[in-house]
Colleague: 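One structure, as structure tokens, below. Some questions next.
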Amino acid sequence: MKTTCRALSVLLTLCLVLSMTACSPKSEEPPISGKLTILHMNDTHGRTGAEPTIAGLAKDLRAKGENVLLLDAGDRLHGQIAANLTKGETMVEIMNAAGYDAMVTGNHEYTFGVERLTELSGMMDFPLLASNVTYNGNYIFERYKVFKMDGLTVGVFGLVSPETVKSSDPRKMTGLAFENPAETAAEMVDVLQAERCDIVIALAHLGDDNLTAENEKSDAVASVPGVDAVIDAHSHSLLENGRMVGGTLIAQTGNYAEHIGIVEITLDNGVMTKTARVIPVPGGDDETDLPQDAAVAAKIAEGEAKVESVTSVVVGHTPIKLIGEREAVRTGDTNLANLITDSMLYATGADISFIGGGSIRAGIEAGDVTMGDVLTVLPYANLIVTMELKGSDVLEILDHGVSLYPEPEGQYIQVGGLRFTFDPEAQPMNRVKSAQLNNGAEIEPGKTYTVATVEFIAAGGDGYTMMERGEGLTFYGGDAEAFIAYLETNPAIAAEPEGRVSIPN
């Protein structure tokens, strides 16, 4: 009996030990150590001048055995002639040659339509990310990508601004939906932590300007626990050393491929440090200060050669510089903007014309004007349209056009056929104080006027939803063609704008 009890006691003790062992927590994994370098750009809008440099930097670091990610934060595939005439394909070829690891869709990636963007994503040697974008209820692009690197596992997910529905052609937005960025970021953090990622990166086309809703800014995403860095875009902000929100680093490189961003994230026994900087392109006093990728430079030259026969044709002449730079056309009228709106009147015979400053993408230097110059200024290939609108609608259009002043926004209005005065201190949508046709007649609320604009605005783009009240919609040729035809008439070109949009003293 004693033997039986002793055996039973040993058995119970053994079971207890085994039970305790099974329930005890697993031993902690050793803290991670390693370094990640992110090379990035944003809002290049089809410009390629920095590509040989950023590709050269990536190749050089990779040859040294470093962990490198080459990322683009969107608005890359559209904007310049080679990109536009090939509907983005030239840009994809250049990015493939440069060895990009991932890209997020910007709002302008949808310019060619969802179907074309899907085609372009299929041509890419890297994932096109968009974790918060659905089309007819389905996610159509990859939501995230996990990179297994030397000693590190890095997760990257893409976020796109819900403002895309307002800042892109409304006709191209059918079926698209943009989920809340911060809520999506929290979801993606859970997914990537489950994937055992050591570093989590939000590759975001969101921005940080005052016109973005607070819960849609990059700051909101940076506030999500578990996001280590936000590689941002959309607001064209130049963050020379990044910006910290809590413990999260936000980086953005300005625009137009003028700077390359370098983010370094280091884990030292689990302790993470982050730095950001930008370098101008070209760097220093000598371009040879930075490595250049000859194969990428050759691919760029190949793309430009494909369209040179079109872009080199001289279509006009200007004795002075035509001002079309972003800050100028989004805060006041310029000589180039006036020429463009006048060309719309010339093409249609309308009473009034207008276009948003965001549709004008560059200036033109004094001298011969080439087709390439015109297509750079007006890259969207918009048709001009006319419609009949009441004077009350015209006044509302003008008020909307200056409602965000002095912020340099794309909806800022450029006009032809009239002049108006507004008070920037007044409440938005109550700023316009007077408006007259060129003959001096006041705009009468009850009178009907023929108004010319571009398709994008006629469809409600940039918030011009009052255009939907127009009647008798009539289509004309493209905005670039109208501008060229008007240049052929040798119009008088003023050095200074005419003050079509003015602020009272």
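Source: prediction; values computed, not measured. Quick note: numbers below take in every heavy atom, side chains included, and nothing from hydrogens, waters or symmetry partners.
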Colleague: Determine the minimum heavy-atom distance between Ala458 and Met467, stating which atoms define it.
Modeller: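 It is O-CB, 3.8 Å.
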
Colleague: Which atoms form the tightest heavy-atom contact between Glu183 and Asn180, and what is the distance?
Modeller: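 Heavy atoms only, the tightest pair is N-OD1, 2.8 Å.
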
Colleague: Taking the side chain as C-beta and beyond, is there a heavy-atom pair between His108 and Tyr380 under 4.5 Å?
Modeller: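 Yes. Closest side-chain heavy atoms under 4.5 Å.
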
Colleague: Just say parallel, tilted or perpendicular for the rings of Tyr464 and Phe354, cut-offs at 30° and 60°.
Modeller: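 Rings of Tyr464 and Phe354: tilted, 30 to 60°.
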
Colleague: For residues Val200 and Gly226, report the shortest heavy-atom separation together with the two atoms involved.
Modeller: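 Distance-wise, the nearest heavy atoms are CB-O, 3.4 Å.
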
Colleague: Side chains of Asp232 and Ser218: donor-acceptor distance under 3.5 Å anywhere?
Modeller: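 Short answer, yes.
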
Colleague: Determine, for Glu89 against Lys306, whether the closest basic-nitrogen to carboxylate-oxygen distance falls under 4.0 angstrom.
Modeller: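 Salt bridge flag = no for Lys306 with Glu89.
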
Colleague: Which residues satisfy the side chain to side chain contact (heavy atoms under 4.5 Å, CB included) test with Ala337, sequence neighbours excluded?
Modeller: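 In terms of side chain to side chain contact (heavy atoms under 4.5 Å, CB included), with neighbours along the sequence ignored, Ala337 is linked to Thr334, Ile360, Gln414.
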
Colleague: Between Arg62 and Asp101 (salt bridge meaning N to carboxylate O under 4.0 Å), is one present in this structure?
Modeller: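 The answer is yes: the pair qualifies as a salt bridge.
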
Colleague: Heavy atoms, side chains only, cut-off 4.5 Å: are Pro291 and Lys59 in contact?
Modeller: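 No - every pair of side-chain heavy atoms lies 4.5 Å or more apart.
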
Colleague: Answer yes if the side chains of His234 and Glu163 hold a donor-acceptor pair under 3.5 Å, and no otherwise.
Modeller: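 Per modelled atom types, His234 and Glu163 side chains form a pair under 3.5 Å.
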
Colleague: Is any side-chain heavy atom of Phe141 closer than 4.5 Å to a side-chain heavy atom of Glu109?
Modeller: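 Counting from C-beta outward, Phe141 and Glu109 never come under 4.5 Å.
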
Colleague: State whether a side-chain donor-acceptor pair under 3.5 Å links Tyr110 with Thr105.
Modeller: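 Yes - a donor-acceptor pair under 3.5 Å links their side chains.
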
Colleague: Do Ser161 and Pro181 have side chains that approach each other closer than 4.5 Å (heavy atoms only, starting at C-beta)?
Modeller: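 The answer is no; the side chains never approach within 4.5 Å.
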
Colleague: So, Asp373 and Thr376: side-chain donor and acceptor under 3.5 Å apart, yes or no?
Modeller: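 Not at all, the side chains of Asp373 and Thr376 share no donor-acceptor pair under 3.5 Å.
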
Colleague: Below 4.5 Å, heavy atoms only, C-beta onward: do Ile355 and Asn382 meet side chain to side chain?
Modeller: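 No, too far: nothing below the 4.5 Å cut-off.
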
Colleague: Is any side-chain heavy atom of Thr48 less than 4.5 Å from a side-chain heavy atom of Met91?
Modeller: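 A side-chain contact under 4.5 Å exists here.
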
Colleague: Closest heavy-atom contact between Pro31 and Gly270?
Modeller: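 Shortest heavy-atom contact: CB-N, 3.7 Å.
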
Colleague: Would you please say whether a donor-acceptor pair under 3.5 Å links the side chains of Gln80 and Tyr256?
Modeller: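 The criterion, which ignores hydrogens and geometry beyond distance, is not satisfied for Tyr256 and Gln80.
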
